[in-house]
Amino acid sequence: MKKLAKIAAFAMAALMAVSAAGCSSTRTVADIQKDGKLIMATNAEFEPFEYKDGGEIVGIDIDLSQKIADAIGVELEVSDLAFDSLISALQSGKADIVAAGMTADAERRESVDFSEPYFNASQAIIVSVDSDITGPEDLADKTVGVQLGTTGDQYCTNEDGESEYTVGGVTRYSKGMEAVSDLMTGRIDAVVIDNFPAQKFVENNPDAIKVLDTALTEEEYAIAVPKGSTDLLEQVNAVIQELKDSGELDQIISQYISAE
Ligand code: GLN
């Protein structure tokens, strides 16, 4: 019986090893070329980086990913997913890259590889125009809305106890817009979200909401690839470097963000 259990355990381990190798999610650049398309996963609820304009998904990350597809010589396919399922889309081989205003942080680095950063961002606080909240210290007894699985969620939830400011309670939404709607109807007291989407929300509702001056974090956006996708990562980094050197990255960004 003991022996049987051992054999079963061995067979199980062998099976797991084979299936892990069999569904290896890492496509090389050559695989992508053979397939003819680069699959980019994102969450198109994050203007100006990715959002829907009419029926089309547009934004900085789409233009950037198009440049990567062009460099590889393939079509770009954009897959619009929930933000908190983007990393698993890479791990399961459903996507080759994630470009989603995604902050390259230590926790995610355990599951995916990140390109060189292409954008500096921060977490901003949005409140209603007549709010008595003037800075992050006023959030201690307030309910804050965040987008599920984002760095804003991590900061406010403060599981590791490292956040400089604490909040009274956290409500999680699948879309930033839903958090902003609840803020405008008074269901929550503030929204913590990345600074440029925050600015866009305020531009669209200037009489109702405003962004506070103090930012909560400093972050860098990077493109994620499945762990170990060495040649794809090199290709992505080469494109980012080229776009930085030529000034094209700034040009792309300035199409969506007006310099003030
Ligand atoms: N930068 C944030 C993060 O990486 C939010 C990104 C997003 O909502 N698209 O978690």
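Order of appearance sets the numbers: ligands from 1, and atoms from 1 within every ligand.
In terms of N/O distances under 3.5 Å, ligand 1 is approached by Ala100. Between Asp194 and ligand 1, at least one pair of N/O atoms sits closer than 3.5 Å. Not one N or O of Gln123 is nearer than 3.5 Å to an N or O of ligand 1, by distance alone. At under 3.5 Å, not a single nitrogen or oxygen of Tyr221, backbone or side chain, sits near a nitrogen or oxygen of ligand 1. Of the polar atoms of Phe46, none of the N or O atoms is found under 3.5 Å from an N or O of ligand 1, judged by distance alone.
Under 4.0 angstrom from ligand 1, the non-hydrogen atoms of Thr151 come from both its backbone and its side chain. At a heavy-atom cutoff of 4.0 Å, ligand 1 is contacted by no atom of Glu220, backbone or side chain. Here Gln154 has no heavy atoms under 4.0 Å from ligand 1, in either its backbone or its side chain. At a heavy-atom distance under 4.0 Å, no atom of Phe49 approaches ligand 1.
Ring centroids of Phe83 and Phe46 are separated by 6.0 Å or more, keeping the two rings apart. Residues Phe49 and Tyr221 bring their aromatic ring centres within 6.0 Å.
Checking Asp231 against Gln235 by side-chain atom types alone, no donor-acceptor pair falls below 3.5 Å.
Interatomic distance, Ile188 CD1 to Ser181 OG, rounded to the nearest 0.5 Å: 9.0 Å.
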